[in-house]
Amino acid sequence: MAARREPSSDDESYEVLDITEYARRHHWWSRVFGRNSGPLTEKYSVATQIVMGGVTGWCAGFLFQKVGKLAATAVGGGFLLLQIASHGGYIQIDWKRVENDVNKAKKKIKKQANKSAPEINNLIEESQDFIKKNIVVSGGFIGGFLLGLAS
């Protein structure tokens, strides 16, 4: 181990350890953390990355499709029942009040969207960095997601 003493301003000294040198000398470190503990591109072959991305993408797309159909059916069915009840005379809908409430909700959403814009931009930047570092896995995920939506 390459240990050095670096003095600090308080006349104390601390030992600095070079972990990379330690990992090279001790083989158990490699067995625990793998040969490479860096990004996916260093750990797995291109084929493995595409398969991993494709399988996870397909699962996500399939679930997205099923949940989306269920949500669309529930919302559409609710509107259909509401229209049938309105047409049959069971309920009276005050459309002016509905319009006012929708406009109030729009304004409130716009205010909240402006407040959370930096957080969203941060998330977008982090996502872009991940995609750039793991382009093969990301490509496999997108392909699998589209296949999952289609199945």
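No hydrogens, no waters, no symmetry mates; every other heavy atom, side chains included, goes into these values. Position 1 is the first residue of the sequence; numbering continues from there. If you're wondering where the values come from, they're calculated on a predicted model, not measured in any experiment.
- Rounding to the nearest 0.5 angstrom, the gap separating the CD atom in E125 from the CD atom in Q128 is 7.0 Å.
- Contact between V137 and Q49 at its shortest, heavy atoms only, is CG2-CB, 3.6 Å.
- Clustering of Ile, Leu, Val, Met, Phe, Trp and Tyr side chains at separations under 4.5 Å places V51 together with V55.
- Across all their heavy atoms, S151 and G148 have their closest contact at OG-O, 3.2 Å.
- Judged as a side chain to side chain contact (heavy atoms under 4.5 Å, CB included), and not counting sequence neighbours, the contacts of S127 are L123.
- Listed by first and then second residue, the ring-ring contact (aromatic ring centres under 6.0 Å, His included) pairs that reach into residues 52-85 are W58-F62, F64-F145, sequence neighbours excluded.
- With sequence neighbours excluded, the residues satisfying side chain to side chain contact (heavy atoms under 4.5 Å, CB included) with K106 are V102, N103.
- If you chain together hydrophobic residues whose side chains sit under 4.5 Å apart, I131 and V136 fall into the same group.
- In this structure, L63 stands alone, with no Ile, Leu, Val, Met, Phe, Trp or Tyr side-chain heavy atom under 4.5 Å from its own, directly or through other members.
- Separation of atoms CG (D129) and CD1 (I124) is listed at 12.0 Å; rounding is to 0.5 Å.
- With rounding to the nearest 0.5 angstrom, the OG1 atom of T73 is 11.5 Å from the CG atom of L80.
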Under 3.5 Å donor-acceptor pairs involving side-chain atoms of residues 81-101, not counting sequence neighbours:
| unit_1 | atom_1 | unit_2 | atom_2 | d |
| --- | --- | --- | --- | --- |
| N100 | ND2 | K96 | O | 3.4 |

